[in-house]
**Q** 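Here it is: the structure, laid out below.
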Amino acid sequence: MLCVVVGSSKLCPHQCLCYNASELVDCGSRGFTHVPHSIPHGTWLLDLSGNDLSDLRSGSFTGTWALRVLLLSQSHIQLLRSRALSSLTFLGKLDLACNELRVLPPDFSQGLAALKDLKLSHNALQRLESHSLEDLESLERLDLSHNHVQVIEAGAFGGLSMLKLLNLAWNQLTVVQRGLLSMQQGLGVLLLNHNNISKIETEALAPLQTLTILNLEANQLRSLKFKTFLNPQTASTHLQMSENPWTCDCELHRVFSKILHVRHLHVDDYMNITCHSPLLLSGASLGLMHSQLCVAETDTVLVITGTVMVTVVAALVMAERKQNQKINLEK
């Protein structure tokens, strides 16, 4: 690419570097406390990462109508004012990673209908409200990893019908609720690892028709329902489920056995799934140990059943003998 530095030109903000006729503007790590006012109208990419933009004000990007890529990572952003981004009609990629955001304004997504890639990882978000993301109708990749998200309000992802990747890893979610992903039929990658998830509602994954990767590692799952993973009508789904405190009983073994026999389901880390309880099995591999234990359990059931049957037969024999003795006496 032809690079022409025009740092001293009136077309380029002071202290920034502009390239390729000011289509690419580098204002990264320049000590800015607010968005420069003199950004060229034709700017295609703007790098403002590494600054000190603690308060992103309303109308901060008015006039930059051509902007396609906006980089704001590591800029100490704590507050996004209402309509701070609403003028970015053609923006395709927005990087807000590694900031200090605790909440997104209700109109965060207003005007961002063309956005395809949104990075909000490594912030301090605690909840996702129902309207904050609703206008992101073109969004394909959403990274919310490494936050403190505990609550996702109903309908928070309702407008994201084009979503292909959703990264919610390293948060504090406790349940995957039915209806959370009702509009994400095209979702291919769902990352939920390193949360506190102890429950996946049976119908929660049902709408996902193209899911190829589901990561549930390092949560609080103790048991599963087979129907939860059978509901999504996918061509091929890879599951990762190790580092959970599994309760290794025969029911869990049966569920995993069924999953492993479904052609389109693949448990990539099955041999790394270990038991947390009972204490006797703590640390043991489910894949290596549990079939033997379930055989033992089956043998125990058979022994008990056999004992009961012998007892019943013996009782019937004794009853018949007594009846015969009674008949003989009467004769």
Side-chain angles (χ1 to χ4, degrees), residues 1-125 132-133 135-136 138-147 167:
M1 184 190 343
L2 176 63
C3 295
V4 180
V5 180
V6 289
S8 61
S9 169
K10 293 181 180 179
L11 296 176
C12 195
H14 179 60
Q15 294 182 319
C16 299
L17 296 175
C18 296
Y19 304 89
N20 202 23
S22 297
E23 288 186 1
L24 310 180
V25 179
D26 180 4
C27 298
S29 301
R30 300 296 201 279
F32 286 110
T33 57
H34 62 272
V35 177
H37 298 298
S38 54
I39 298 170
H41 295 312
T43 300
W44 182 86
L45 181 150
L46 175 60
D47 185 357
L48 279 165
S49 58
N51 284 290
D52 192 14
L53 309 173
S54 60
D55 185 347
L56 208 57
R57 303 167 189 171
S58 302
S60 292
F61 299 97
T62 301
T64 54
W65 57 270
L67 207 58
R68 298 296 194 276
V69 179
L70 177 57
L71 308 178
L72 290 164
S73 62
Q74 297 179 315
S75 290
H76 304 286
I77 299 172
Q78 299 177 7
L79 183 62
L80 278 175
R81 299 285 183 178
S82 177
R83 302 182 65 82
L85 305 168
S86 61
S87 62
L88 302 176
T89 309
F90 299 106
L91 193 68
K93 178 178 180 177
L94 174 59
D95 188 353
L96 281 162
C98 302
N99 281 291
E100 301 165 26
L101 292 169
R102 294 181 177 275
V103 65
L104 298 177
D107 64 350
F108 169 79
S109 63
Q110 186 175 336
L112 299 177
L115 195 65
K116 292 187 176 183
D117 189 346
L118 174 58
K119 294 183 179 181
L120 284 161
S121 60
H122 295 274
N123 275 278
L125 298 172
S132 296
L133 304 171
D135 294 323
L136 301 179
S138 299
L139 197 67
E140 297 179 359
R141 298 171 60 88
L142 176 57
D143 188 352
L144 287 157
S145 63
H146 295 272
N147 276 278
N167 189 350

**Q** How about Leu91 and Phe61: do any of their side-chain heavy atoms sit closer than 4.5 Å?
**A** no

**Q** Would you compute the distance between atom OG of Ser54 and atom NE2 of His76 and round it to the nearest 0.5 angstrom?
**A** 9.5 Å

**Q** When you measure from the side chain of Ser58 to the backbone N and O of Ser82, does any donor-acceptor pair fall under 3.5 Å?
**A**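 Confirmed, Ser58 side chain pairs with Ser82 backbone.
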
**Q** Is it the case that atom CZ in Arg57 sees more than 12 heavy atoms from other parts of the structure closer than 6.0 Å?
**A** no

**Q** State, yes or no, whether a side-chain contact exists between Pro36 and Leu48 at a heavy-atom distance under 4.5 Å.
**A** yes

**Q** Below 4.5 Å, heavy atoms only, C-beta onward: do Phe108 and Leu96 meet side chain to side chain?
**A** yes

**Q** If you compare all heavy atoms of Leu118 against all heavy atoms of Leu136, which two are closest, and at what distance to 0.1 Å?
**A** CD2-CD1, 3.9 Å

**Q** Looking at CG of Asp117 and CG of Leu139, how far apart are the two atoms once the value is rounded to the nearest 0.5 Å?
**A** 7.5 Å

**Q** Does NE2 belonging to His34 count more than 12 external heavy atoms closer than 6.0 Å?
**A**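 Result for NE2/His34: enclosed.
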
**Q** Looking at CG of Leu115 and OG1 of Thr89, how far apart are the two atoms once the value is rounded to the nearest 0.5 Å?
**A** 12.0 Å

**Q** Tell me whether Asn123 contacts the main-chain N or O of Leu101 through its side chain, where contact means a donor paired with an acceptor under 3.5 Å.
**A** yes

**Q** Return the CG to CG distance between Leu85 and Leu72, rounded to the nearest 0.5 Å.
**A**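 CG of Leu72 is found 7.5 Å from CG of Leu85.
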
**Q** Indicate the atoms forming the closest heavy-atom contact of Thr43 with Ser22, along with that distance.
**A** OG1-O, 3.5 Å

**Q** Just verifying a value: how many Å separate Ile39 CD1 and Cys12 SG, rounded to the nearest 0.5 Å?
**A**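 Atom-to-atom, Ile39:CD1 and Cys12:SG are 9.5 Å apart.
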
**Q** For Phe90 and Trp65, work out which heavy atoms get closest and say how close.
**A**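 The pair with the smallest heavy-atom distance is CD1-O, 3.1 Å.
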
**Q** Main chain of Thr62, side chain of Thr64: is a donor-acceptor contact present, judged purely on distance under 3.5 Å?
**A**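 Absent.
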
**Q** Is Asp107 salt-bridged to Arg83, cutoff N-O under 4.0 Å?
**A** no

**Q** Compare every heavy atom of Lys119 with every heavy atom of Asp95, then report the nearest pair and how far apart it is.
**A** OD1-CB, 3.6 Å

**Q** For the residue pair Asp135 and Leu112, establish whether any side-chain heavy-atom pair is separated by less than 4.5 Å.
**A** no

**Q** Roughly how far, to the nearest 0.5 Å, is the CG atom of Asp26 from the SG atom of Cys16?
**A** 7.5 Å

**Q** Taking the side chain as every heavy atom from C-beta outward, state whether Leu104 and Leu120 have any pair of such atoms under 4.5 Å apart.
**A**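 Yes, side chains in contact.
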
**Q** Ignoring hydrogens, what is the shortest heavy-atom contact between Pro13 and Pro40? Give both atom names and the distance.
**A**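 Closest pair (atom of Pro13, atom of Pro40, distance): CD-CD, 4.0 Å.
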
**Q** Nearest heavy-atom pair of Cys27 and Asn51: which atoms, and what distance?
**A**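 That would be O-ND2, 2.9 Å.
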
